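Down below is the structure, laid out as structure tokens.
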Protein chains: 2
Amino acid sequence: MDTSLASLNGFGFTDGVLPSACPTRIVLNHVTSTWGVLVLVALSQSGLRWGELRRTVQGISEKMLAQTLRTLEADGFVLRTAQPTIPPRVDYSLTDRGRDLTEHLLPLMSWIAANADDIVGADAEQASAAVRP
Amino acid sequence: MDTSLASLNGFGFTDGVLPSACPTRIVLNHVTSTWGVLVLVALSQSGLRWGELRRTVQGISEKMLAQTLRTLEADGFVLRTAQPTIPPRVDYSLTDRGRDLTEHLLPLMSWIAANADDIVGADAEQASAAVRP
DNA sequence: CGGAATCCGTAATGATACTG
DNA sequence: CAGTATCATTACGGATTCCG
């Protein structure tokens, strides 16, 4: 009787979704962090330099970019290549693991991008809802 | 020369990843919020009552569960069915749109769950790194 | 049982300034 | 250019309390 989507993926989240403090939760929070997704998507097209990344991921602050990149690098999703030249040049690109991840991430992003207008338009969102007392 | 993953998905994020304040960002933040993903995954198996949901998504507080559910309902991902009985009974389930979304979400979750141990083990993560002065 | 409302501490975030 | 450091702000999240 299990026709759930979870079973279709060969991975059943049958009792709890996830144990509260497991590695999966940690990685999930890194990947689905506000800027994590956007940085990964940005790098999925090609390697980028710090400045390019900053411009590509619109709205990100230097602090958040640095922090996000350090986290993603520590997780082995992003490769940092620094050249000790003057001026310095640092490139960021996806590792094999990072590419593996974005393969799953991009379809999700595409779906959201394709449906976002419908979704937000449906109820005007909290943006305007927050106006009421 | 465009062999990027983005193009393979028929959706190119070619210049910026996303305009800084677009509907996609909003929906993305809802879906990838800390508890959003977990609630959606929990409901992907079957509809659940409030209490069941609370137990299934381990670690979530009532406040966050309520808030997450309201957001997901407003976005049309979740259907809320209240029965005015005593005691009250409220069921939550995915809408068609919600099921559509989780179809993209579950593969990602499965991948993360399958790789999380490797990833976290690779550098011991901030959990232990935070110990050092 | 299923919430909504309040208070409050912590941690995330962002603007700015500064350094190698 | 590629960051780091500092500080002000905000929002997240939990515990508690009350209501239908």
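Predicted model only: the values in this text are computed from it and were never measured. Per chain, numbering begins at 1; letters A, B, ... match sequence-line order.
Between I119(B) and I26(A) the shortest side-chain heavy-atom distance does not fall below 4.5 Å. Side chains of L65(A) and V39(A) form a contact here, defined as non-hydrogen atoms less than 4.5 Å apart. Side-chain contact between L43(B) and L48(B) is present, with heavy atoms from C-beta onward closer than 4.5 Å. The shortest side-chain heavy-atom distance between R49(B) and V90(B) does not fall under the 4.5 Å cut-off. L94(B) has its side chain within reach of S44(B): a pair of non-hydrogen atoms, C-beta onward, lies under 4.5 Å apart.
Take W111(A) and apply the side chain to side chain donor-acceptor pair (under 3.5 Å) test, not counting sequence neighbours, and it matches D100(B). For T95(A), the side-chain contact (heavy atoms from CB on, under 4.5 Å) criterion is met by L79(A), R97(A), not counting sequence neighbours. R89(B) meets the salt bridge (charged side-chain N to carboxylate O under 4.0 Å, His left out) test with D91(B); sequence neighbours excluded. Residues forming a side-chain contact (heavy atoms from CB on, under 4.5 Å) with T34(A) (at least two apart in sequence, or on another chain): N29(B). With sequence neighbours left out, S61(A) forms a side-chain contact (heavy atoms from CB on, under 4.5 Å) with K63(A), M64(A). Checked against salt bridge (charged side-chain N to carboxylate O under 4.0 Å, His left out), R54(B) has the following partners two or more places apart in sequence or in another chain: E62(B).
Within 4.0 Å (heavy atoms only), R54(A) reaches no atom of the nucleic acid at all.
Note that the first and last nucleotides of DNA chain D, 5' to 3', having any atom under 4.0 angstrom from a heavy atom of chain B are dG13(D) to dG20(D). Taking a heavy-atom distance under 4.0 Å as the criterion, the stretch of DNA chain C touched by chain A extends 5' to 3' from dT13(C) to dG20(C).
The two residues L72(A) and G36(A) make their nearest non-hydrogen contact at CD1-O, 4.2 Å. The two residues V37(B) and M109(B) have their closest heavy-atom pair at CG1-SD, 3.6 Å. A pairwise comparison of heavy atoms in A42(A) and T56(A) identifies CB-CG2, 3.9 Å as the closest pair.
Within residues 60-68 of chain A, the residues that place at least one heavy atom under 4.0 Å from DNA chain D are, in residue-number order, E62(A), K63(A), A66(A). Residues from residues 80-90 of chain B placing a heavy atom under 4.0 Å of any atom in DNA chain C, listed by number, are R80(B), P87(B), P88(B), V90(B).
Residues in residues 76-87 of chain B take part in these side-chain hydrogen bond (donor to acceptor under 3.5 Å, both in side chains) pairs, two or more places apart or across chains: R80(B)-Y92(B).
Bending across the helix from dC1(C)-dG20(D) to dG20(C)-dC1(D), expressed as the angle between its end axes from five pairs apiece, amounts to 50° (10° rounding).
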